[in-house]
Amino acid sequence: MKEKIKKYAHSYTGRVIALSAFSVAVYIVSAAFKLITGIRLNSLWYIFNGCYCAVLVAARIISIYTYEKAERTPDAKQRINVETRFYKRGGLFIFLMAAVYFVLCTYMFTQDYAVVAEGTVMIAIVVGIVVYKLVFSIYGLHMTRKLHDRVTETLKTVSFTDAGISLVIAFCTLLNVVDKTAAVKSSAILGMIISAGFMVSGMVMTVSRNRRYRMVKYEK
């Protein structure tokens, strides 16, 4: 047990994996709550949000599994193949996350409906969580570029995607205080633009950066 703790505590990658494992538990509860609520209330808003959380959970579980598998692989080239295949799948997860949210934003726009926080405390919590996600995901991407570790970079790219998409609800929550009539539709348009951008980046991630990674690793 001590060796396990030391392994995760003494490297940036290990800490990222440990935090991801914790977030999996949180998002499983969130996904279950939203899906059950959506089914009970017959609300597509909650169902779409629950599906989004489920995709996020799947991406992180597979990331943790791939990290452990790569760590157990003694051959360097085999490990590169494991990480590279996962990186490609990571792009597909990002595409799927963005696609689910694009559908949600389309629903927001057509139905002019969204569930947002109200009250000073709740608004501050929502905005604070989004700011936290953005700051740490950007910092994480900066750190992982030095490591040439595709598992960690994929996890951080997934986190950055989640943070970027979370901007939609933060924007809607803040705009709802100023102008309720324009809050949902404006946020939905912003969400569709952001989601479309991440869908494209997910597709690009499965091809070009995947090849560049092989070149960098084999040159070392």
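Computation of the quantities below employed the complete heavy-atom set of this structure, encompassing side-chain atoms and omitting hydrogens, waters and symmetry-equivalent molecules.
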Can you give me the closest heavy-atom contact between [X] and [Y], atom names plus distance?
X      : Y      : value
Cys172 : Val116 : SG-CG1, 3.6 Å
Ala183 : Leu175 : CA-CD2, 3.5 Å
Val158 : Leu56  : CG1-CD1, 3.4 Å
Ala170 : Val130 : CB-CG2, 3.8 Å
Val168 : Cys105 : CG1-SG, 4.3 Å
Ile64  : Ser20  : CD1-C, 4.0 Å

When the ring planes of Tyr139 and Phe136 are compared, do they come out parallel, tilted or perpendicular, using 30° and 60° as the limits?
->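 Taking Phe136 first and then Tyr139, their aromatic rings stand perpendicular (interplane angle over 60°).
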Residues in side-chain contact (heavy atoms from CB on, under 4.5 Å) contact with Ala54, at least two apart in sequence or another chain |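 Testing Ala54 for side-chain contact (heavy atoms from CB on, under 4.5 Å), a comparison that skips the adjacent residues, returns none.
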Within the structure provided, determine whether [X] and [Y] are in side-chain contact (heavy-atom separation under 4.5 Å).
X      : Y      : result
Ile169 : Ser187 : no
Lys34  : Trp45  : no
Arg89  : Thr154 : no
Phe171 : Ser186 : yes
Ile165 : Tyr52  : yes

Six-ring centre of Phe109, Lys185 cation under 6.0 angstrom, axis tolerance 45° =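 Lys185 over Phe109 ring: yes.
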Please assess Leu104 against Tyr101 for the test side chain to side chain contact (heavy atoms under 4.5 Å, CB included), listing each intermediate value before the final yes or no.
-> CA-CA 5 Å; Leu104 174 61; Tyr101 218 81; 3.6 Å; yes
Check the pair Ser159 / Arg60 against side-chain hydrogen bond (donor to acceptor under 3.5 Å, both in side chains), numbers first and verdict last.
-> CA-CA 9 Å; Ser159 296; Arg60 285 178 170 159; 3.2 Å; yes
Roughly how far, to the nearest 0.5 Å, is [atom2] of [Y] from [atom1] of [X]?
X      : Y      : atom1 : atom2 : value
Met205 : Thr157 : CE    : OG1   : 4.5 Å
Leu167 : Leu190 : CG    : CG    : 7.0 Å
Leu155 : Thr66  : CG    : OG1   : 9.0 Å
Ser166 : Leu134 : OG    : CG    : 8.0 Å
Asn49  : Leu44  : CG    : CG    : 11.0 Å

Taking [Y] as the starting point, is it possible to reach [X] by hopping between hydrophobic residues whose side chains are less than 4.5 Å apart?
X      : Y      : answer
Val29  : Ile47  : no
Val26  : Ile28  : no
Met108 : Val115 : yes
Ile39  : Phe33  : no
Phe48  : Tyr113 : yes

Does CG belonging to Asp179 count more than 12 external heavy atoms closer than 6.0 Å?
->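 Counting other residues, nucleotides and ligands, CG of Asp179 exceeds 12 neighbours.
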So with a 6.0 Å cut-off around OH of Tyr132, is the heavy-atom count from everything else above 12?
->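 Atom OH in Tyr132 is not packed in, count stays at 12 or less.
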With sequence neighbours left out, what residues match Phe198 under ring-ring contact (aromatic ring centres under 6.0 Å, His included)?
->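 With sequence neighbours excluded, Phe198 shows a ring-ring contact (aromatic ring centres under 6.0 Å, His included) to Phe160, given in chain and number order.
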Would Ser43 and Thr37 count as a side chain to side chain contact (heavy atoms under 4.5 Å, CB included) if you check the C-alpha gap in whole Å, the side-chain angles of each, and the deciding distance to 0.1 Å?
-> CA-CA 8 Å; Ser43 170; Thr37 302; over 6 Å; no
Per the side-chain contact (heavy atoms from CB on, under 4.5 Å) rule, which among Ile123, Val127, Ile129 passes with Ile125?
->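 It is Ile129, the one option of Ile123, Val127, Ile129 that forms the side-chain contact (heavy atoms from CB on, under 4.5 Å) with Ile125.
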Any donor and acceptor pair, going by atom type alone, linking the side chain of Ser137 with main-chain N or O of Lys133 inside 3.5 Å?
->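 Between the backbone of Lys133 and the side chain of Ser137 there is a qualifying donor-acceptor contact (under 3.5 Å).
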Verdict with supporting geometry, Asn176 and Glu118, side chain to side chain contact (heavy atoms under 4.5 Å, CB included) | CA-CA 9 Å; Asn176 190 54; Glu118 294 184 352; 4.0 Å; yes
Evaluation steps, side-chain hydrogen bond (donor to acceptor under 3.5 Å, both in side chains), between Tyr27 and Asp162 | CA-CA 12 Å; Tyr27 275 98; Asp162 179 43; 3.0 Å; yes
Go through Ser201 and Phe95 one step at a time and tell me if the side chain to side chain contact (heavy atoms under 4.5 Å, CB included) criterion holds.
-> CA-CA 8 Å; Ser201 71; Phe95 176 86; over 6 Å; no
